[in-house]
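Notes follow the structure.
Just so you know, residue 1 is the first one in the sequence shown, and it goes up from there. The figures that follow rest on heavy atoms only: side chains count, while hydrogens, waters and symmetry mates do not.
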Amino acid sequence: MGRSPQSSSQTPDQGAARRPARARGIPEATVARLPLYLRALTALSERSVPTVSSEELAAAAGVNSAKLRKDFSYLGSYGTRGVGYDVEYLVYQISRELGLTQDWPVVIVGIGNLGHALANYGGFASRGFRVAALLDADPNVVGSTAAGLPVRHMDELESIVESQHVSIGVITTPPGAAQQVCDRLVEAGVTSILNFAPTVLTVPDGVDVRKVDLSIELQILAFHEQRKAGEEPDRTESVLERAPGPVRAAAAKLRRAAGGSGKGRTGAEPAAKDDKDQAEQSAKGKTAKGGEGELSAVMPA
């Protein structure tokens with residue numbers, strides 16, 4: 001674990017809670033991993049596990065153990081050789097570093113399906129966040145309730161931010177309204193925004209924005225699914241059959257240019273007996289009509 005049991009890491013630093021992570025030089029990548037460690041540690045704490053090794057905690061958090069030890073060194077926590085890390089102390093230490101030892105009032109703006117789901121999310125309170133207000137501009141929504149809270153009109157935003165000392169706003173509006181809502185939140189004094197609207201927000205210096213775009217995450221997963229399908233020759237045809245018409249046409253043209261239909265194998269895996277023919281065809285293609293220049297033009301974006 002790196003240092004001896006006499007390490008000062010086991011003695012809480014009373015002044016550290018008042019020093020922001022950035023001021024102490026903790027890298028943003030490390031800050032982004034702290035919630036992963038906290039989630040894994042909280043699960044261990046709930047099972048009354050007293051200590052955990054760096055390898056066990058790293059596996060639970062989905063990172064490598066060397067990176068975990070480096071991250072914890074920024075916190076001044078090195079564990080105890082042969083014993084590991086004290087779970088309860090690490091929960092306290094990371095919670096303090098993330099500012100979770102106090103309640104943070106949050107306003108949610110845009111109480112549609114997603115806004116309702118977030119309002120009903122039970123994890124806010126247990127993680128140091130309190131939903132102070134739900135806001136919407138739709139008169140059909142204002143006055144309804146979600147998670148026991150009334151939905152209030154956007155006209156009350158400024159007074160709510162001031163009276164509840166809100167510094168975090170959550171935007172779940174349609175994309176067209178998100179920037180206007182963001183501007184009002186910032187003008188009211190909100191300095192951190194969690195944006196679920198599928199649009200990029202412009203904010204002044206000193207305001208932090210975190211973006212959660214579910215469609216982008218799904219598109220990334222689709223990319224990986226396509227790559228996995230492409231690695232298995234017997235699935236390639238079914239993938240192409242499901243592709244849009246222009247993509248199928250481009251693939252067919254590439255197969256023809258490669259000297260065959262390509263059935264039963266991918267273009268990247270020609271049969272060995274075709275290697276010579278394909279090499280000759282490729283050489284001719286550089287000067288013939290429909291050669292390399294034209295092939296590159298039909299590749300799908």
Side-chain angles (χ1 to χ4, degrees), residues 31-32 34-47 61 91-92 94-201 203 207-218:
V31 174
L34 292 182
L36 303 179
Y37 302 141
L38 182 58
R39 180 175 61 189
L41 286 162
T42 300
L44 291 170
S45 177
E46 290 172 350
R47 301 204 311 267
V91 168
Y92 157 77
I94 294 176
S95 296
R96 177 198 64 191
E97 202 65 55
L98 291 172
L100 303 181
T101 53
Q102 60 176 302
D103 283 335
W104 292 97
V106 174
V107 294
I108 301 175
V109 183
I111 312 303
N113 292 333
L114 180 55
H116 266 276
L118 290 175
N120 283 285
Y121 174 54
F124 282 136
S126 63
R127 287 167 173 80
F129 301 95
R130 173 176 60 84
V131 179
L134 308 175
L135 298 168
D136 204 292
D138 186 346
N140 295 318
V141 175
V142 174
S144 62
T145 60
L149 291 173
V151 179
R152 300 164 71 173
H153 197 276
M154 276 293 294
D155 289 347
E156 299 183 60
L157 185 150
E158 288 78 9
S159 62
I160 289 171
V161 169
E162 181 179 3
S163 64
Q164 299 281 344
H165 306 290
V166 174
S167 58
I168 300 176
V170 180
I171 298 176
T172 56
T173 66
Q179 184 63 58
Q180 182 181 3
V181 168
C182 175
D183 293 342
R184 286 191 60 181
L185 285 169
V186 171
E187 289 171 8
V190 170
T191 53
S192 292
I193 293 173
L194 180 61
N195 177 33
F196 283 88
T199 187
V200 176
L201 299 177
V203 296
V207 176
D208 292 307
V209 176
R210 298 288 295 180
K211 180 175 175 56
V212 181
D213 193 321
L214 301 180
S215 64
I216 287 178
E217 300 304 323
L218 287 171

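No donor-acceptor pair under 3.5 Å is formed between the side chain of Asp138 and the backbone N or O of Val142. Judged purely by atom type and a 3.5 angstrom limit, Asn195 has no side-chain atom pairing as donor or acceptor with the backbone of Arg210. Side-chain atoms of Thr172 come within 3.5 Å of backbone atoms of Gly110 as a donor-acceptor pair (strictly under, hydrogens ignored). Of the possible polar contacts, none joining the Trp104 side chain to the Val166 backbone as a donor-acceptor pair under 3.5 Å is found. In terms of modelled atom types and a separation under 3.5 Å, the side chain of Lys211 and the main chain of Ala197 share a donor-acceptor contact.
More than 12 heavy atoms of other shown residues, nucleotides or ligands fall within 6.0 angstrom of atom CG in Asp155.
With a 4.5 Å cut-off on side-chain heavy atoms, Tyr121 and Arg127 count as touching. Residues Arg47 and Leu44 have side chains in contact (heavy-atom distance under 4.5 Å, counting atoms from C-beta outward). Annotation: side chain of Ser167 is not in contact with side chain of Ser192 (no heavy-atom distance under 4.5 Å).
Asp183 meets the side chain to side chain donor-acceptor pair (under 3.5 Å) test with Gln179; sequence neighbours excluded. Under the side chain to side chain donor-acceptor pair (under 3.5 Å) criterion, Ser45 pairs with Glu88, sequence neighbours left out. Annotation: side chain to side chain contact (heavy atoms under 4.5 Å, CB included) contacts of Val186 (sequence neighbours excluded): Cys182, Ile193, Pro204, Val207. Ser163 is linked by a side chain to side chain contact (heavy atoms under 4.5 Å, CB included) to nothing, counting only residues two or more places apart in sequence or in another chain. Residues forming a side chain to side chain donor-acceptor pair (under 3.5 Å) with Arg130 (at least two apart in sequence, or on another chain): Gln164. With sequence neighbours excluded, no residue forms a side chain to side chain donor-acceptor pair (under 3.5 Å) with Glu187. Residues forming a ring pair (Phe, Tyr, Trp, His ring centres under 6.0 Å) with Phe196 (at least two apart in sequence, or on another chain): none. Every side chain to side chain contact (heavy atoms under 4.5 Å, CB included) that Ala188 has, sequence neighbours left out, goes to Leu157, Glu158, Val161. Taking the side chain to side chain contact (heavy atoms under 4.5 Å, CB included) definition, one finds that Glu156 meets it with Arg152, Ser159, Ile160, sequence neighbours left out. Under the rule for a salt bridge (Lys or Arg N to Asp or Glu O under 4.0 Å), Asp103 has no partner lying at least two apart in sequence or in another chain.
Residues Leu118 and Phe124 share a closest heavy-atom pair of O-CE1, 3.1 Å. Across all non-hydrogen atoms, the minimal contact from Ala147 to Ala119 is CB-O, 3.2 Å. Ala32 and Leu36 get closest at one heavy-atom pair: O-CG, 4.4 Å. Listed here is the closest heavy atom pair of Gly169 and Leu185: CA-CD1, 4.4 Å.
Interatomic distance, OG of Ser144 versus CD1 of Ile111, reported as 8.0 Å (0.5 Å rounding). In this structure, CG in Leu149 is found 8.5 Å from OG1 in Thr145, a value given to the nearest 0.5 Å. Note that CD1 of Ile168 is 11.5 Å distant from CD1 of Ile108, once rounded to the nearest 0.5 Å. Taking OG1 of Thr199 as the reference point, atom CG of Leu201 lies at 6.0 Å (rounded to 0.5 Å). To the nearest 0.5 Å, the span separating CD1 on Ile171 from CZ on Arg184 amounts to 11.5 Å. A distance of 10.0 Å separates CD1 in Ile94 from CG in Leu100, rounded to the nearest 0.5 Å.
Pairs passing the salt bridge (charged side-chain N to carboxylate O under 4.0 Å, His left out) check and including a residue from residues 172-182, sequence neighbours excluded, do not occur.
The only option from Val181, Leu134, Val190 that meets the side-chain contact (heavy atoms from CB on, under 4.5 Å) definition with Val109 turns out to be Val181.
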